[in-house]
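Read through the structure below, which is laid out as structure tokens, and then see the notes.
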Amino acid sequence: MSVSLRYYSSSDTYVKLTELVTSINWSGETTQASRSCEVSMSNTTNGTTKAVNVEVGKDIRLYKDSTEIFRGVIFNTEIASDGSFSFTAYDYNYYLTKNTDSLKFVKKTASEIISSICKKFEIPYGNVDNTGYVIPKLILRNKSIYDMITIALTETRKKTGRVFLLGNEGGKLVLHERKSQVKRVTIQDGSNLLSANYSESIEDLRNSVRITGKSGEESKGVTVSDSASIKKYGLMREKEHESEKSDAQLKPIANALLKELNKVAKESNVDALGEKSIISGKMVQVSEKMTGISGGFYVITDSHTFEPNGLHSMSLTVSKTLELNELEYEPPEEPAKVTAGTSQAIEGKKIQGIAYQTGWISTAYAPALGGINGSGTGLTASSTKVVEGRTIAVDPNVIPLGSVVAVYVPSANEYSGLYLAEDTGGAIKNKKIDIAVKASKAKAFGVRNIQVSVLERGSGRADARSKAAKWSSIESKWKQKLASNAEAGSATLDKAASVVKLARSFKGQIRYVFGGKSITNGTGDCSGFTYYVYKKAIGKDIGQGTSAQVRKGKQVSKASAQAGDLVFFQGTYRSGVSHVGIVTRPGFCVSLASSGCKEHSYTTGYWGSHYMEIRRVL
């Protein structure tokens, strides 16, 4: 074997396993925290007893040409009655995913944050390149320390464009800036290329679309087809029904659907003689005539195999774009604070089940401080008495006086809740409101971004006075209604929770195979994964293939996304819809791609650039 494998039973005592090994697979990918090493061996000399007692929690080290290329910890082992033995080890960066905490960083660079985390969690680290950009504040609650580091690096990348890659060398975490790679290994025909694979599939192709509408599902409706595609591939028709649309309205829909479905799916991979320097994040030059794979590519995933006969081969997934794990920073909601004696028991938290509108700002006022109603009378433009926790000033051209309004203040959640639009002001224009608060808090409030939902539109000053007089009963009515809505939606929330829990359980556990549907056997593709999760978790059939799933449920905006929604991407390996994932929380999803099953952002990075739409199927 061209490599040497050592098993450390203690920090300075090791046994060479090389002679017992039948195969070694050393692999990694740009979106994972750590590299792994999977070893198969015949762990017996006589067929009845173990040759070496290999335990979980112990170290191994892998050497190639006398150079250490992997050092890690054994996390699982498996042995059969014939002595066949296997284990999987991960480098020390794996511990970044195994520790969760809540931490706050103020005016720190990502490199300083990484060093601080390593010290706190006793993770050995070596060279950490200076990331430069000082992040004003990160409040990170209940996150793995890998996610914390990823968020810090994502913030740095957004602000500076600089790319930094985590690694592990000699058992120590390192961070290196990704700079232009001057020298690239060339993989080509007649030299080191073993094989290249370029696949095409017409499994999801449809070259004819029939849609029926108002005249009934069995009517003639509208049919559009591509005769050239039918001649080439055979007739494959998609049938849809749009009960509220006329045939004239259906024609452009049918044409658009045909354009989307009438496509051949394409994918490629490269196998070559092994070169230990080629790992994920590096660049290679590929030249293969038969498949037409040619040019410079980033290595997204690498899998190096070492066999007893000395053969070292590698399988690479390559891309023109460097795919990185990115996590968008989301400032946490402040804990609810309910002021004693306030008339708003529902205040102090974001009210669930409401479609809030973003893009609003708010200030605060108190009559005693001047400005609005600064005369000291404390009367509103509706001639009602200003009441803290109830009164808001609005632009009546946008929100009519007398409206019942739900307000969410992410940065000061104590002010979130139900309000009555009963005042106006010269500076209160368009999407801006003024919240009546106690004088002691008005100046500290400043200007804040908020979200607003008009629950009940008012009819003017008289309506505001009427509602102010009976605000307690109106508020109580809305509390009951919102609580009822929440209860009615609890079953849906339970289903969403089941879907997300099952989806997350597959992270890092299954392998991508184009067109695959065998999730229980550890392989599948993106739509096969989503189909299985919904079917297994809640018994719901969302259809096979991205082209079928993208037409299920109803489309919702990014801002309205909820856990359990489906998120679709386009233009990844073909134009139009080409990938699907399951939303786990706003901005993030779990999906199965060529780099494995992962939870990632759908608003930033590679996936953000290929975002298509979100659909609610629950």
Side-chain angles (χ1 to χ4, degrees), residues 29-32 196-206 256-257 259-270 280-281 286 291-301 316-328 503 506-507 510-517 523-531 533 542-552 555 558 561 565-584 587-615:
E29 49 193 271
T30 56
T31 57
Q32 290 293 308
N197 179 264
Y198 176 81
S199 64
E200 294 187 348
S201 173
I202 58 172
E203 288 286 348
D204 291 334
L205 183 144
R206 299 293 182 270
L257 188 56
K259 184 178 179 181
E260 175 61 39
L261 298 179
N262 191 27
K263 296 171 183 174
V264 178
K266 304 173 183 179
E267 191 173 271
S268 62
N269 291 287
V270 175
S280 53
V286 182
T291 61
I293 302 173
S294 180
F297 297 89
Y298 288 102
V299 177
I300 304 303
T301 69
L316 309 176
T317 300
V318 295
S319 172
K320 291 290 185 180
T321 305
L322 179 59
E323 182 180 331
L324 298 170
N325 194 19
E326 294 190 332
L327 286 176
E328 193 81 9
F506 285 105
K507 286 170 30 177
I510 50 178
R511 182 168 56 86
Y512 181 86
V513 173
F514 184 69
K517 303 289 187 288
T523 62
D525 64 8
C526 63
S527 59
F529 170 66
T530 52
Y531 173 84
V533 169
I542 61 171
Q544 299 277 5
T546 54
S547 298
Q549 292 176 8
V550 78
R551 296 190 299 280
K552 301 296 183 180
Q555 186 174 353
K558 269 186 187 178
D565 291 342
L566 287 174
V567 55
F568 293 90
F569 304 88
Q570 58 190 348
T572 55
Y573 67 91
R574 65 177 184 183
S575 58
V577 62
S578 56
H579 188 66
V580 61
I582 297 171
V583 175
T584 54
F588 295 87
C589 69
V590 167
S591 76
L592 175 58
S594 58
S595 57
C597 186
K598 300 171 184 167
E599 187 166 358
H600 57 82
S601 170
Y602 58 77
T603 62
T604 62
Y606 175 81
W607 293 113
S609 66
H610 291 278
Y611 171 84
M612 180 179 177
E613 66 178 79
I614 292 172
R615 299 193 71 84

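The structure presented is a predicted model; accordingly, all values stated were derived computationally and were not measured.
- The ring of Phe569 has its center closer than 6.0 angstrom to the ring center of His579.
- For the residue pair Glu599 and Thr584, a side-chain donor N or O sits within less than 3.5 Å of a side-chain acceptor on the partner.
- Residue pairs meeting the salt bridge (Lys or Arg N to Asp or Glu O under 4.0 Å) criterion with at least one member in residues 291-301, sequence neighbours excluded, do not occur.
- Separating the NZ atom in Lys517 from the CZ atom in Phe529 is a distance of 13.5 Å, to the nearest 0.5 Å.
- A distance-only check finds no donor-acceptor pair linking the side chain of Lys263 to the backbone of Leu205 [under 3.5 Å].
- Rounded to the nearest 0.5 Å, atoms OG1 (Thr30) and CG (Leu324) are 5.5 Å apart.
- Considering OH of Tyr512 and OG of Ser591, their distance stands at 10.0 Å, rounded to 0.5 Å.
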Open item on the list: Run the side-chain contact (heavy atoms from CB on, under 4.5 Å) test on Cys597 and Leu592 for me, step by step, so that the C-alpha distance in whole Å, both residues' side-chain angles and the decisive distance to 0.1 Å come before the verdict.
Closed with: CA-CA 4 Å; Cys597 186; Leu592 175 58; 4.0 Å; yes
TODO: Decide side-chain contact (heavy atoms from CB on, under 4.5 Å) for His600 and Tyr606; before the verdict, give the C-alpha distance in whole Å, the side-chain angles of both, and the deciding distance to 0.1 Å.
DONE: CA-CA 10 Å; His600 57 82; Tyr606 175 81; over 6 Å; no
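- Few gaps surround CD on Gln555; more than 12 heavy atoms of other groups in view lie less than 6.0 Å from it.
- Residues Thr546 and Met612 form no side-chain contact, since every pair of their non-hydrogen atoms from C-beta on lies 4.5 Å or further apart.
- Using a 3.5 Å distance cut-off with no hydrogens or angles, the side chains of Thr321 and Ser319 do not pair a donor with an acceptor.
- Summarising the local packing, NZ of Lys259 is surrounded by 12 or fewer heavy atoms from other residues, nucleotides or ligands at distances under 6.0 Å.
- A cation-pi arrangement is absent between Lys320 and Tyr298 under the rule of less than 6.0 angstrom and at most 45 degrees off the ring axis.
- Ile582 is listed as a side-chain neighbour of Leu566, based on a closest heavy-atom distance under 4.5 Å.
- Looking only at side-chain heavy atoms (C-beta outward), Ser594 and Thr301 stay at 4.5 Å or farther from each other.
- In terms of heavy atoms, Gly571 sits closest to Ser578 at N-OG, 3.4 Å.
- Partners of Val583 by side-chain contact (heavy atoms from CB on, under 4.5 Å), not counting sequence neighbours, listed by chain and number: Asp565, Val567, Tyr602.
- Checking side-chain atoms of Gln549 against main-chain N and O of Ser527 turns up a donor-acceptor pair under 3.5 Å.
- Heavy-atom minimum distance, Ile542 versus Thr530: CD1-O, 3.6 Å.
- Listed for the Arg615 side chain is a donor-acceptor partner under 3.5 Å among the backbone atoms of Val550.
- Checked by atom type and distance alone, the side chain of Asp525 pairs as donor or acceptor with a backbone atom of Gly515 at under 3.5 Å.
- Here the CG atom belonging to Asn262 is positioned 10.5 Å from the OG atom belonging to Ser547, to the nearest 0.5 angstrom.
- Taking the side chain as every heavy atom from C-beta outward, Trp607 and Thr572 approach each other to under 4.5 Å.
- The heavy-atom pair separating Ile293 from Asn197 by the smallest distance is CD1-O, 4.0 Å.
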